[in-house]
Amino acid sequence: MLNTDNNRHLINILQLDLLNWFKTAKRNLPFRQTKDPYSIWISEIMAQQTQIDTLIPYYNRFIDRFPDVISLAAASEDDVIKAWEGLGYYSRARNLHQAAKMIVADSNGIFPNRFDQLIKLPGIGPYTGGAIASIAFNEKVSAVDGNVLRVISRYCNSFDDIGAAKTKKSMTQWIESILPAAAGDFNEALMELGALVCTPQSPKCLLCPIRCGCQSFSSGTTDQIPVKKKKQKQITKKMEVGIVKQNGGLFFIRRPESGLLSGMWSFPIAETAAGNGNDIKKKLGDYFPALSDPVFIGESRHVFSHIIWEMTVYGFNLAGMVGETADIPYAQTAADVSEDQTGRTQFKPLSAVDDLALPIAFSKLLTLIKDF
DNA sequence: TAACCGTGGAC
DNA sequence: TGTCCAAGGTT
C-alpha cells in the first residue's frame with residue numbers, strides 16, 4: 001500500500017478525480033434513484049457475485065412484489081425463493097427473508113442504520129454492511145469488494161494476493177484512512193471504475209480518470225495485478241434424472257433444507273456410476289412401488305460453481321397405481337413415503353411448472369421432456 | 001484457511 | 001469448448 005503521508009498528491013487524485021469522474025460517468029441504475037436502505041439492501045444482496053446487468057430485471061420485479069421490509073417479512077419463503085429463481089446462490093434469498101423477519105420482530109420494521117448493527121443480520125457481511133451503511137446512511141466505512149481490491153491493488157502496484165484475509169484487512173484499513181466525507185459516493189465510484197474501466201481483462205487505462213496516479217500503469221504491470229490464486233476446477237458427477245409422469249403431471253421433489261439448491265424443487269435425481277437408469281429407478285422406489293423400466297429421453301450438462309452435473313434423463317410410467325384416476329389427477333400415490341418427506345413431493349402438469357421455484361439445472365430440461 | 005454455494009456474460 | 005469471474009457470506 002502507498003504511504004499516505006509521502007504520497008499526498010496521489011491520494012488527492014484518487015479522492016477528487018475519481019469522485020468528479022463518478023458524477024458524470026456513473027450508470028443510471030434503478031437502485032441509484034433512491035436512498036431507501038431497504039432498496040439498497042436488496043440491490044447489494046443481489047449484486048453479490050452477480051453482474052449488475054443480470055440483476056436489474058430481478059431487482060425491479062422484487063421491489064415491485066416486496067416494496068418494503070414489512071411485505072418481505074410477511075411473505076412466505078416459497079414466494080421469496082420464487083422471486084429469486086434463476087439468480088443462483090439461493091441462500092441469499094433465504095437470509096434476506098430471515099433478516100426481514102428479524103428487523104420487523106426486533107425493531108418494529110425500522111431498518112438498522114449503522115455498520116455494526118447491519119453485519120449482525122444474516123447474509124450481510126463486511127462488504128454489504130459497508131455498502132448499505134455508506135450509501136444509505138453516509139457512514140464513514142469502506143465497502144471492499146472485488147472491484148475495489150483490483151482498483152486499489154493496481155493503483156498502489158500491490159502484488160499481494162487479494163484472496164488473502166490479511167490483504168483484505170490491510171486494504172480496508174488503508175481505504176478508511178483516506179475515505180472522504182462522501183463515503184458512499186467514494187465507495188460506489190471505486191466499484192464503478194472497476195466495473196467500467198479498471199476491468200479484470202484489458203483495462204481501459206487510456207480512459208481512466210486516475211491513470212496519472214496509478215502506480216501499476218506507470219510500471220506497466222496492470223496485466224499482472226491483481227494477484228489471485230487460481231480456483232480449482234469443478235468435479236464432474238454423472239447423474240440420472242427421473243421423469244415420472246402420471247395423467248399429464250410430472251413428479252417433483254423438494255430438495256433438502258441445506259446444501260446445493262436447498263429448498264428448491266427438483267426432478268428426482270441420483271448420482272450414478274453405471275448410467276443405465278437403474279440408480280434413479282432405485283431411488284424412485286422410495287416413492288413408487290411399481291414403475292416401468294427407464295426410457296432414455298436425453299442428456300444435459302449443468303455447470304455449478306464447484307460441481308458439474310452430466311445428466312442422463314430417463315422417463316418412467318406408473319403402472320397400476322392408486323391415484324391414476326381422473327378424479328385424483330395429481331395425487332401422491334405412494335403409501336409408504338417416510339414422514340420427513342411429507343409435503344415435499346408433488347405432481348405438476350407442464351403448464352403449471354411455473355408455480356414452482358425450479359433451478360436452471362432442471363428448468364432447462366423442460367424442453368427435453370415436453371414430448372415424453 | 002478453504003470449501004461450499006448458481007448462473008450468465010465475455011472472450 | 002474452455003476459462004475466467006462477477007457489488008461475497010457462511011461454515
Side-chain angles (χ1 to χ4, degrees), chain A residues 22 26-27 29-32 40-59 81 84-96 98-99 118-136 142-151 161-169 172 184 186-196 198-204 223 226 228-236 255-264 266 301-309 357-364:
Chain A
F22 183 63
K26 66 178 172 184
R27 290 167 290 180
L29 304 172
F31 39 87
R32 284 186 176 154
I40 291 169
W41 173 45
I42 302 301
S43 73
E44 290 298 344
I45 300 297
M46 286 187 172
Q48 292 170 2
Q49 297 294 286
T50 305
Q51 296 185 167
I52 298 301
D53 288 344
T54 301
L55 69 85
I56 288 175
Y58 286 89
Y59 171 83
I81 299 282
W84 210 266
E85 179 188 53
L87 259 185
Y89 286 152
Y90 296 98
S91 68
R92 293 185 292 175
R94 298 150 80 84
N95 286 149
L96 208 54
Q98 276 303 114
L118 288 162
I119 59 172
K120 290 178 182 171
L121 293 168
I124 299 185
Y127 162 73
T128 306
I132 298 170
S134 65
I135 296 169
S142 63
V144 180
D145 73 334
N147 286 310
V148 176
L149 289 167
R150 182 174 61 256
V151 168
D161 175 10
I162 62 167
K166 68 174 184 181
T167 306
K168 289 180 187 172
K169 186 177 179 184
T172 299
F186 185 70
N187 287 333
E188 277 200 90
L190 281 172
M191 292 188 272
E192 193 78 338
L193 189 75
L196 299 181
C198 194
T199 48
Q201 276 89 31
S202 308
K204 302 165 181 64
D223 60 340
K228 201 173 178 182
K229 273 189 188 166
K230 279 187 182 173
K231 43 185 165 184
Q232 64 180 56
K233 63 177 185 180
Q234 301 95 333
I235 60 166
T236 298
R255 292 178 62 80
E257 291 306 307
S258 63
L260 185 65
L261 304 174
S262 52
M264 308 281 290
S266 90
R301 173 185 165 92
H302 191 78
V303 180
F304 297 98
S305 50
H306 57 302
I307 298 170
I308 297 173
W309 278 355
L358 202 62
I360 301 297
F362 297 111
S363 62
K364 71 186 188 183

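Given the structure is predicted, the values throughout are model-derived calculations rather than measurements.
- Residues forming a salt bridge (charged side-chain N to carboxylate O under 4.0 Å, His left out) with A/R255 (at least two apart in sequence, or on another chain): none.
- Distance CD1 (A/I307) to C1' (B/dA3): 11 Å, rounded to an integer number of Å.
- At the heavy-atom level, A/K228 lies under 4.0 Å from the strands shown only through sugar-phosphate atoms.
- Distance CD (A/Q232) to C1' (B/dT1): 13 Å, rounded to an integer number of Å.
- Between A/L55 atom CG and B/dG9 atom P there is a gap of 13 Å when expressed in whole angstrom units.
- Between the P atom of B/dC5 and the CD atom of A/E257 lies a distance of 14 Å, rounded to the nearest Å.
- A close approach under 4.0 Å does occur between a side-chain nitrogen or oxygen of A/H306 and OP1 or OP2 of B/dC5.
- Rounded to whole angstrom, the span from the CE atom of A/M46 across to the C1' atom of B/dT7 amounts to 14 Å.
- In this structure, A/T128 reaches the sugar-phosphate backbone alone: every heavy-atom distance under 4.0 Å involves primed, P, OP1 or OP2 atoms, never a base.
- Residue contacts for A/L260: at a heavy-atom cut-off of 4.0 Å it reaches the sugar-phosphate backbone alone, with no base atom in range.
- Of the residues near DNA chain B, A/I360 and A/A165, the one whose nearest nucleotide (by heavy atom distance) lies more toward the 5' end is A/A165.
- In this structure, A/E188 does not pair ionically with A/K26, as no charged nitrogen and carboxylate oxygen lie closer than 4.0 Å.
- Taking atom CH2 on A/W84 and atom P on B/dC5, their separation rounds to 18 Å, with Å as the unit.
- Taking atom P on both nucleotides, B/dG6 is separated from C/dT3 by 23 Å, rounded to a whole Å.
- If you look at A/H302 and A/F304, their ring centroids are closer than 6.0 Å.
- Nucleotides of DNA chain C lying under 4.0 Å from heavy atoms of chain A occupy a range whose first and last members, 5' to 3', are C/dC4 to C/dT10.
- The distance between atom CD of A/Q234 and atom C1' of B/dG8, rounded to the nearest whole Å, is 14 Å.
- Between A/Q201 and B/dA10 there is no side-chain polar atom (N or O) within less than 4.0 angstrom of OP1 or OP2.
- A salt bridge is defined here as a Lys NZ or Arg NE, NH1 or NH2 lying under 4.0 Å from an Asp or Glu carboxylate O, and A/E192 with A/R32 meets this definition.
- When every heavy atom of A/W84 is checked against every heavy atom of A/Y58, the shortest pair comes out as O-CE2, 4.2 Å.
- Heavy-atom nearest nucleotides on DNA chain B were determined for A/Y90 and for A/K166, and the one closer to the 5' end corresponds to A/K166.
- Taking atom C1' in both C/dA7 and B/dA3, the straight-line distance is 22 Å, to the nearest Å.
- A/E85 and A/Y90 are not linked by any side-chain donor-acceptor pair at a separation below 3.5 angstrom, with hydrogens and angles left out of the test.
- Taking the nucleotide of DNA chain C with the nearest heavy atom to each of A/Y127 and A/I119, the more 5' of the two is matched to A/Y127.
- Rounded to a whole Å, the NZ atom of A/K229 is 8 Å from the C1' atom of B/dA2.
- No hydrogens or angles considered: a donor-acceptor pair under 3.5 Å links the side chains of A/S134 and A/N187.
- Within 4.0 Å (heavy atoms only), A/R255 reaches no atom of the nucleic acid at all.
- Distances shorter than 4.0 Å separate some side-chain N or O of A/H302 from OP1 or OP2 on B/dT7.
- Using a 4.0 Å heavy-atom distance criterion, A/V303 is classed as a base contact.
- For A/K120, the NZ atom is loosely surrounded, since the number of other residues' heavy atoms within 6.0 Å does not exceed 12.
- At B/dC4, none of the side-chain N or O atoms of A/K231 fall inside 4.0 Å of OP1 or OP2 (strictly under the cut-off).
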